[in-house]
Amino acid sequence: MELINGLNDRQREAVLYGEGPLLILAGAGSGKTRVLTHRIAYLIKERGVFPGNILAITFTNKAANEMKERIDHLLDGNIDELWMGTFHSACVRILRRNIDRIGYDRAFSIYDRDDQITLVKECIKDLNLNKDMFKERSILSVIGSLKDRMVDPDTYINEHYNEYYYRNVGEVYALYEKKLKANNALDFDDLILKTIELFNKDGDVLDYYQRKFKYVFVDEFQDTNKSQYELVRLITGRYKNICVVGDPDQSIYKFRGADISNILNFEKDFEDATTILLEQNYRSTKNILEVANQVIKNNYGRKEKDLWTDNEKGDRVVVESLLDEREEANFVANKIEQLLVEGYKPKDFAILYRTNAQSRTFEEVFMRRQIPYKIVGGLRFYDRKEIKDIVAYLNLIQNPADDLSLKRIVNVPKRGIGNATLEKVEAYANQKGESIYKALLELDEIPNLSTRAKNNLKSFLDMINSFMAMSEVMGLREFLEEVINKTGYVKELEQEDSIESQTRLDNIREFLSVAVDFEVNNPNGTLEDFLANISLLSDVDKTEDVDNAVTLLTVHSAKGLEFPVVFIVGMEEGLFPISRALDDEEELEEERRLCYVAITRAERLLFITHAKLRTIYGNINYTLPSRFLDEMPKEYIKSSEDEKKESFNNKGLIQVIDYTSERESSKALRVNNQDLDIGDKVNHKKWGVGTIVQIKERDGDKELVIAFDKVGLKRLLLSIAPIEILKGE
DNA sequence: CCCATTCTGGTTTTT
DNA sequence: CCAGAATGGG
């Protein structure tokens, strides 16, 4: 049978496995996608399973599309009925059909993180809490983790009744939930939780889906949280044909509630579960894999597993030490240019970093050197102001209860409806217990409004009403154009006529083409579907499909991807592992798993870099190489610093800086500063002896960065600093 | 009500 | 350093 050709014994066993719970522990690069696609194809083709009886959960929509395509290739039959997508998109699909059974309108809005923050902010204000003490971000992270663990507000408040802070966090949580409901909105967590609630409260609906989904698959199972696990348990309650695939060593979403114990407990929770281990790696060279294995070994209490490969040994992993982030980016660019000459293509390269902020230097350098690149995440298209504004219009039109969206755009573009006016309307709505939109329908009843305000509100209302009517009859693109024109949004930007407004117009045009794409791919798609679709896209999904470009992305976003050549940058203590993890053993282990994920993305070549100086918040920091570098076995590593060191007479910091000082800025400084140079020692009145590590021109003065022996790095101006230069080598 | 300016404080990772 | 919030003048 062609479906098992070329598979190894373990893989074949997984593909051909019969009924009942199955746990596939799949190491990095062990061909789990292959196993999943082949198993699904096998069920359909050889076992006669109807595609509509299969639900497959993937981590991103992109992964879902790719898998679906691969299955399509393996079969001749039609697989349109196969449900494949993320937890969130599957839940939206279920809720759009049936959420009315638990008291929501089926036109509910989906709130993203920014919406959540706005809502929490409102709650803090409404409850008269001190906003310095109650920070919306930290409250939101508590709420998030409570939702992940399915703890409701009342339970939490009772548990913390005697703690002022946490009790009030609970109160915010309660009000937040109330507001979501009033706006007929769900946040990301709710998509899962409300589906569970629906299943628990309505036996018919549960029964329907239990019968429908005879076979359920969950990929990246190590990163599911408690509620997702519960959802899987409910859906598979009838047939128990649940196949999960995961790797505990690649669990990197603990901060989002991911619970490794889901994978560890699987065999307990599902009786007679079979476990299959995939340990042969097909992705990386021996050198790369060995480095990964040695690093992850340092995690305590993990289930020992040794990934092996038949692939060639390959080049040693290169570890490179650079002066600062600029040199780091230039080193990477140099390597890429060099490898491009050797026949690699831009799309073969990925730059992996721990935090999004690190992408900037690479962007600058790549732009200057004309290396084609694309960035995953970071400044996101859908997070741009103009896109969020348009989406808010659409949300309101689709779900008039959505006060949050209404408030966002009621005065964008300016229509003379300011805060004071809106507050009066809102007060009226609150008192009547209805939405702002509804209140506007009773405009004449609202007290204390000036005629002017009333007129402005009236024309706003008329506009929204006409949009609502149009949305019923128009195609998506046509409708969208109507909205951006009739609102005056485009007009305002055109009048502004700045570079910035031009970019915004471009973005709006881009958004229109997204809508056209959606229309083509989903001929029956509604406005609701379109909105749900764009709000559930992951960063990876959203990244533009540039033909041939270097990929810049966080290690988190790189999960599940692979590249011929990988650069892991910023391998420094405090950055990777991140500072917050340094004194917490559990978080440190998660960082180490993250490092493991990063290393195992590489197929042929792996470069790891760290800088000695890194600018954070505009401050220059001294950094040390990451502890993970020490965990990598020397025999698989080559460090060009080792080679260079021999030709320099290295006496510490001064010499280290000397040999990298070919960079342009230092060269220039050498000419201009006969008296002062990087590496010179100085004596400061208060801070004592230090070494100059950087000199910058600043308004005719010189700004010095000095590494003091006692107090570390300081930045000061030459003209006013109480220092003397210590001469004489 | 609108705009410009000052200030604050914030970076982990994201469906 | 930078973006968004808060503040105050027009």
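Any value given below was found using the heavy atoms of this structure, including those in side chains, with hydrogens, waters and symmetry copies removed. Chain A is the first sequence line, chain B the second, and so forth, proteins listed ahead of strands; every chain is numbered from 1.
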Exercise. Scan residues 566-587 of chain A for pairs that pass salt bridge (Lys or Arg N to Asp or Glu O under 4.0 Å), counting only residues two or more places apart or in two chains.
Key: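 Residue pairs with at least one partner in residues 566-587 of chain A: A/K254-A/E586, A/E572-A/R614, A/E573-A/R627.
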Quiz prompt | Set of salt bridge (charged side-chain N to carboxylate O under 4.0 Å, His left out) partners for A/K458, sequence neighbours left out | solution =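 Once residues adjacent in sequence are excluded, the partners of A/K458 under the salt bridge (charged side-chain N to carboxylate O under 4.0 Å, His left out) criterion are A/D462.
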Self-check item: A/D247: salt bridge (charged side-chain N to carboxylate O under 4.0 Å, His left out) partners, not counting sequence neighbours
Solution: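 Once residues adjacent in sequence are excluded, the partners of A/D247 under the salt bridge (charged side-chain N to carboxylate O under 4.0 Å, His left out) criterion are A/K305.
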Quiz item: Can you find a side chain N or O atom of A/K254 that sits less than 4.0 Å from OP1 or OP2 on B/dT13?
Solution: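 No, A/K254 has no side-chain N/O under 4.0 Å of OP1/OP2 on B/dT13.
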Quiz item: C/dC1 phosphate, OP1 or OP2: any side-chain N/O from A/T615 under 4.0 angstrom?
Solution: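 Result: no.
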Quiz item: If you find the nucleotide of DNA chain B closest to A/N419 and the one closest to A/E590, which residue's nucleotide is nearer the 5' end?
Solution: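 Comparing both residues, the 5'-ward one is A/N419.
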Quiz item: Taking only residues two or more places apart in sequence or in another chain, which ones pass side chain to side chain donor-acceptor pair (under 3.5 Å) with A/T60?
Solution: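 In terms of side chain to side chain donor-acceptor pair (under 3.5 Å), with neighbours along the sequence ignored, A/T60 is linked to no residue.
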Quiz item: By side chain to side chain donor-acceptor pair (under 3.5 Å), which residues pair with A/Y489, not counting sequence neighbours?
Solution: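 In terms of side chain to side chain donor-acceptor pair (under 3.5 Å), with neighbours along the sequence ignored, A/Y489 is linked to A/D389.
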Quiz item: For residues 402-415 of chain A, which residues have at least one heavy atom under 4.0 Å from DNA chain B?
Solution: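 Heavy-atom cutoff 4.0 Å gives A/N411, A/K414.
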Quiz item: Looking at DNA chain B, which of residues 86-96 of chain A put a heavy atom within less than 4.0 Å of it?
Solution: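 A/T86, A/H88, in order of number.
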Practice problem: Quick one: list whatever passes ring pair (Phe, Tyr, Trp, His ring centres under 6.0 Å) with A/Y596, sequence neighbours left out. | Solution: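 Scan of A/Y596 (ring pair (Phe, Tyr, Trp, His ring centres under 6.0 Å), adjacent residues dropped) gives none.
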Self-check item: A/T118: partners by side-chain contact (heavy atoms from CB on, under 4.5 Å), with sequence neighbours left out
Solution: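 side-chain contact (heavy atoms from CB on, under 4.5 Å) list for A/T118, sorted by chain: A/L404.
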Quiz item: Listed by chain and number, what are the side-chain contact (heavy atoms from CB on, under 4.5 Å) partners of A/V151, not counting sequence neighbours?
Solution: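 Result, side-chain contact (heavy atoms from CB on, under 4.5 Å) vs A/V151: A/L146, A/R149, A/T155, A/Y156.
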Are there any protein N/O atoms within less than 3.5 Å of an N/O atom in nucleotides 4-7 of chain C, and if so, which ones and at what distance?
{"residue": "C/dA5", "atom": "OP1", "partner": "A/K121", "partner atom": "NZ", "Å": "3.4"}

Exercise. Pick the P atom in C/dG4 and in B/dT13, then give their distance to the nearest Å.
Key: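 Going atom to atom, P in each nucleotide, I get 15 Å.
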List, with names and distances, any nitrogen or oxygen atoms from the protein found under 3.5 Å away from nitrogen or oxygen atoms belonging to nucleotides 6-8 of chain B.
none

